[in-house]
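One structure is given below, encoded as structure tokens.
We count ligands from 1, going down the list as the structure has it; atoms in each ligand are counted the same way. The chain is numbered in sequence order, starting from 1.
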Amino acid sequence: MLALKNIKPSALFKSVKPVLCGSYLKASSSYSLCNQQRYFTMLTETQSKDSTQQMFSVGRDNGFLPRQDPMVELPEEFSRLEYLLQRMPMQLLDGTPGLLASGQFGDAVRDELPLYEVDGITDQRLLSALFRDYTFAASAYLLEPCDILYRAKSDYGLGRKVLPMNIAVPLWKVSKKIHSQPFMEYALSYALYNYKKINPLGGLTYDNLALIRSFAGSESEKGFVLNHVTMVSYSPRLVRYTVGALEAVEKNDRAKFDMQMTGLNETYESINKEMEMMWSRSMPEDYIKFRTFIMGTKNQPMFPDGVIYEGVSDKPIVHRGESGANDSMVPLGDNLLQITELMPENPLTTVLRDFRSYRPTNHREFLEYVQDKAQKVGLKEYALQDSNSAAVYLSNVDQIRAFRHRHWNFTKEYIIKHTAHPVATGGSPIVTWLPNQLGAVLDLLNNISDQIDKSKLTESNLIRVEEINRRAQAQKRFLDREVASLKTKFKNQDRT
Ligand code: HEM
């Protein structure tokens, strides 16, 4: 069972009565959430011994994290792959340079890595570890020349065009088995399946975590990756409050609705506080040194013709790179609070939807379930019918703003200050895409604040609403000016 921070014993789920369609069905280790046509089965236990089911299944105890802690080392039969990956990072654990430092990883792949057979594997924990490890090998192999050139000339040049069959074939097969795209991904590879607990009985706190795989092997890469994990360690609470809020609207239970939304707000506050730790755990000037390896092959100048997966197909393919955009916590808030449907219809929003397909299938299904259900029960409308519920709803939207605002600051400090490359790792245009969503959230805050009848607010809610409104207006003015100025420096910012 995962150790969770500050979780109050939840009466929420226990109080849910099993009702047929329209609400929740209770099974022994899972709940089936039902929305007329759409069902979602959520875990009530992490089933920490069962390796027959997929590792990423949304649950009330594990949230968006895997059900079981990731497998750290591959079994003996894959020892050559394990050995290769242990020698891969620029800097090894003992401080000596690894294969990527001297640009020898590609040769080592060709000389040392057998074409492993994976057809008979059904153990999901092993499949997830193999997926993580083959995607690390694939990205290191494809992007190694870009890294070498970037270190010398601050130019990425071109990546390798062909992924050799000793990586491509098993990667392809494993990805089919776990229903993912055959490329490095946020949850399944780089971030959420890449942590190990130093003390296995301890919690998911930063001091108790280490990385399994890395490209740079630096403290900053560790801090970057593990800060995502510590933030996602709060996701069980997000999942619980989300389900509770939807149920409260459906039952027209306003007291419960306000309670769930308050819990949700506090949880997003904790997540945002944890996010702030990034500044001290990962140095802005170091990000560019490992970022090369998490770039994708879609909408990236390094792969103008895509990549051929040798032994799989002669047709080149492209994939978006690893990105926090594939994390599920903010999309959850977007869908629950019905922000997603208010995003402007433009090519940038199309990219947002595309990002939402790069995640574990079960996460995607849960997000889609929440989006449908929130629309069906009219969560936003329900919140706005009561001024004080509206204030709590507004506070939650403001937490999504706080995330996106801090995140935009990260992007300026960790990326834009250090490189003129116009595209982010996921393939989105660097100075327009994030502001597209931040701008939409700021507009929504201003719009909702105007609709709230202030005379009916409690004193503290009045202060809260006015503060949120003032800040949103100021940030929107500033953001518009900032993006207009940045667009003069970065070209092709409408290309997606
Ligand atoms: C140094 C820290 C970070 C930097 C430089 C950074 C950079 C970026 C960039 C450039 C994008 C644009 C998408 C793309 O990759 O093409 C993005 C998207 C995103 N990242 Fe990060 N990121 C950082 C930390 C985080 C953290 C800690 C999270 C937490 C889960 C996160 C979650 C997200 C989300 C949710 C999006 C989509 C944004 C939206 O929907 O508006 N990022 N990130």
Item to check | Met231, portion touching ligand 1 at heavy-atom distance under 4.0 Å | outcome: side chain

Checklist outcome for this item: So for Val232 against ligand 1, with non-hydrogen atoms under 4.0 Å, the contacting part is neither

Checklist entry - Is the Phe40-Phe366 ring centre distance short of 6.0 angstrom? => result yes

Next on the checklist: Checking salt bridge (charged side-chain N to carboxylate O under 4.0 Å, His left out) between Arg281 and each of Glu274, Glu276, Glu219, which is the one that passes?
Outcome noted: Glu274

Next on the checklist: Centroid separation under 6.0 Å, is that true for the rings of Phe183 and Tyr358?
Outcome noted: no

Checklist entry - Out of Ser220, Ala424, Gly324, whose heavy atom is nearest to atom 35 (C) of ligand 1? => result Gly324

Checklist outcome for this item: Heavy-atom proximity to atom 5 (C) of ligand 1, picking from Tyr186, Trp408, Phe64, Tyr414, points to Tyr414

Checklist entry - Out of curiosity, is Leu434 lining ligand 1, as in a heavy atom under 4.0 Å away? => result yes

Checklist entry - Hey, would you say the Phe131 and Tyr134 ring centroids sit under 6.0 Å apart? => result no

Next on the checklist: Just to be sure I'm reading this right: ignoring hydrogens, which of Trp433, Phe224, Phe355 gets closest to atom 3 (C) of ligand 1? Compare them by their nearest heavy atoms.
Outcome noted: Phe224

Checklist entry - Do side-chain atoms of Thr242 reach the backbone of Leu238 as a donor and acceptor pair under 3.5 angstrom? => result yes

Next on the checklist: Any heavy atom of Gly427 closer to ligand 1 than 4.0 angstrom?
Outcome noted: yes

